[in-house]
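Below: one structure, written as C-alpha cells.
By convention in this document, chain letters (A, B, ...) are assigned in the order of the sequence lines, proteins followed by strands, and residues within each chain are numbered from 1.
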Number of protein chains: 2
Amino acid sequence: MAAPAAPTEKAESILAAAQRAFLAGGFGAVSMDAIAREAGASKATLYAYFTSKEELLGAVVARQSERYAEGLSAGELDPRDVEASLNAIADRFLRLLLSPEVIAINRIIIGEVARFPALAAIFWRAGPERVRVQLEEFCRRAATAGTLDIADTRLAAGQFASLVRGEIHLQQLLGLGEPDDAALRAAARNAVATFLRAFGTAEK
Amino acid sequence: MAAPAAPTEKAESILAAAQRAFLAGGFGAVSMDAIAREAGASKATLYAYFTSKEELLGAVVARQSERYAEGLSAGELDPRDVEASLNAIADRFLRLLLSPEVIAINRIIIGEVARFPALAAIFWRAGPERVRVQLEEFCRRAATAGTLDIADTRLAAGQFASLVRGEIHLQQLLGLGEPDDAALRAAARNAVATFLRAFGTAEK
DNA sequence: GTCTATAATTGGATAGAC
DNA sequence: GTCTATCCAATTATAGAC
C-alpha cells in the first residue's frame with residue numbers, strides 16, 4: 001500500500017495560486033498567465049487540471065464557501081445567559097463576515113453573478129444559510145428558556161444577522177475604511193443591545 | 001443667438017447606451033464595440049467623447065449615483081405618527097434598494113472595487129450616506145416629539161436601515177430569487193415592527 | 001464631427017517535444 | 001505529466017478619409 005506520489009500536489013498548488021490571485025484581483029483582471037506564474041507551473045499544465053478559467057473559479061468558490069461557516073457554531077452557548085451568548089455569536093459572526101477572504105469572495109460572486117449565477121447559490125447555501133440555521137436554533141432555545149420573547153424564530157434570526165452586519169459590511173464590500181478590532185466589537189455590542197431591547201425579557 | 005446643434009446630443013446617447021450595457025452586463029463583459037453599436041455611433045466617436053472605457057464607467061456611476069437618493073425624502077413625514085411614517089420610509093427605501101438599476105450599479109461597483117476604488121466613495125456619498133442623513137433627521141424629530149426613545153440617533157438610523165435592508169438585499173445582490181411586491185412590503189413591516197419594539201414609546 | 005478600416009496588444013486555449 | 005512555443009479570437013485604441 002505504498003502511496004503513489006500524490007498527483008494532487010500540482011493541482012493543489014494551482015488551486016491555491018488561483019485562490020490568491022482571484023481573491024486579490026477579482027475574476028476579470030486576473031489572467032491564466034498570472035495564475036500559472038504564481039503556481040510555478042505552465043499554462044498547459046494548468047489546463048490539464050482545469051478545463052477553463054470559469055471552472056477554476058468554480059473550484060475556488062466551492063472550496064472557499066466550504067470553509068465559510070466552518071468555525072461558527074452556536075451549539076455550545078448557554079441560552080440562559082442571553083446577553084453574553086449573543087455577544088459571543090455577534091463577535092464571531094462579524095469577524096468572519098469582515099475577514100479579507102470572505103469579503104473578497106463576496107465581491108467576486110456579486111460582481112460576476114450575471115455570468116455565473118450558479119456560484120451565488122453554492123455560496124449562499126454553504127455560508128449565510130448555515131449561519132442563519134445556527135442563529136435560529138439558538139433563538140429557539142432561548143425562547144424555550146424564556147430569555148427571549150420571540151414568536152417567529154426564523155424572522156428574528158434574520159433580523160439579528162442584519163443588525164450585526166449593519167452598515168459596516170456594505171462599507172467593507174465597497175472598500176471604504178479599515179475596521180479596527182475595537183470598532184468591530186463595538187458594532188457587535190450595539191447590535192446585541194438593540195436586539196435585546198426588542199426581544200429581551202425580564203429573565204436575566 | 002441661434003443655438004448650434006447641441007454637441008451634447010451624441011454624448012448623451014453614448015452615455016445612455018453605456019449605462020444600459022454596463023447595468024445589464026457588468027464592466028468586464030461589455031465591449032466598447034457593443035456600446036458603440038447600441039449608441040448608433042462609431043467607436044472613434046465614442047473615444048472622442050470619453051478617453052477610455054474606465055472613464056466611461058466613471059461617468060455612468062456618477063450619473064446613476066446622483067439619481068439614487070433623488071426620490072427619497074423623509075422631510076414631510078409626521079414624527080407623531082411614527083408607525084405610519086416609518087412604514088412609508090421603509091417601503092420607499094426598500095423599493096429603491098431593490099430596484100434593478102440600483103442592484104446593478106451596486107454589483108458593478110462592488111465587483112470592480114479592486115480596480116476602481118474611487119467609484120465606491122462617489123457612490124456611498126451620493127447614495128447610502130444621504131439616506132442615512134434623512135433617516136437620522138427623522139429619528140431626531142421623533143425623539144424630540146417623544147414618539148421614539150433614542151439616545152444615539154446616528155446609530156439608530158443605521159440600525160433601521162440595516163433592519164430594512166435585511167437578508168433580502170444581499171440575496172438580490174447575489175441574484176437569488178425574485179421579490180414580489182407583497183414580500184417587499186412584508187419585509188418592510190417586519191423591520192418597522194422590530195424597530196418599534198426596540199425604540200417605541202407609550203406615545204402612540 | 002463622424003465614419004471605415006486597421007494597428008497593437010492581450011489573453012484564453014492547444015499542439016507537440018521530452 | 002510537464003514544458004515551450006504558438007495559434008486564434010477578441011478588444012482597446014487610433015489614423016486617415018469625408
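When the salt bridge (Lys or Arg N to Asp or Glu O under 4.0 Å) test is applied to A/E178, no partner is found at least two apart in sequence or on another chain.
Within the 4.0 angstrom heavy-atom criterion, no nucleotide atom of any strand lies near A/G28. Using a 4.0 Å heavy-atom distance criterion, A/A41 is classed as a sugar-phosphate-only contact.
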(request) Produce a footprint string for nucleotides 13-18 of chain C: one letter per nucleotide, 5' end first; B if the base is under 4.0 Å from any protein heavy atom, S if only the sugar-phosphate is, - if neither. (result) BBB---
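A/Q134 places a side-chain N or O within donor-acceptor distance of the main-chain N or O of A/A74, the cut-off being under 3.5 Å.
Distance, A/L46 CG to D/dT4 P: 14 Å, rounded to whole Å. For the pair B/L56 CG and D/dT11 C1', the interatomic distance rounds to 15 Å; values are reported in whole Å. Distance CZ (A/R37) to C1' (D/dC3): 16 Å, rounded to an integer number of Å.
Other residues, nucleotides and ligands contribute at most 12 non-hydrogen atoms within 6.0 Å of the CZ atom of A/R125.
Contact detail for A/T194 and A/L163: the closest heavy-atom pair is CG2-CD1, 4.3 Å.
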(request) I would like to know whether A/Q19 and A/Q64 meet side chain to side chain donor-acceptor pair (under 3.5 Å); could you show each step before the answer? (result) CA-CA 8 Å; A/Q19 180 161 321; A/Q64 199 64 16; 2.9 Å; yes
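For the atom pair NZ (B/K43) and OG1 (B/T45), the distance works out to 12.0 Å, reported to the nearest 0.5 Å.
Note on A/T45: a side-chain N or O is less than 4.0 Å away from OP1 or OP2 of D/dC3. Under 4.0 angstrom from either OP1 or OP2 of D/dG1 there lies no side-chain N or O belonging to A/Y49. Phosphate contact (OP1/OP2 of D/dC3, side-chain N/O of A/S42, threshold under 4.0 Å): present.
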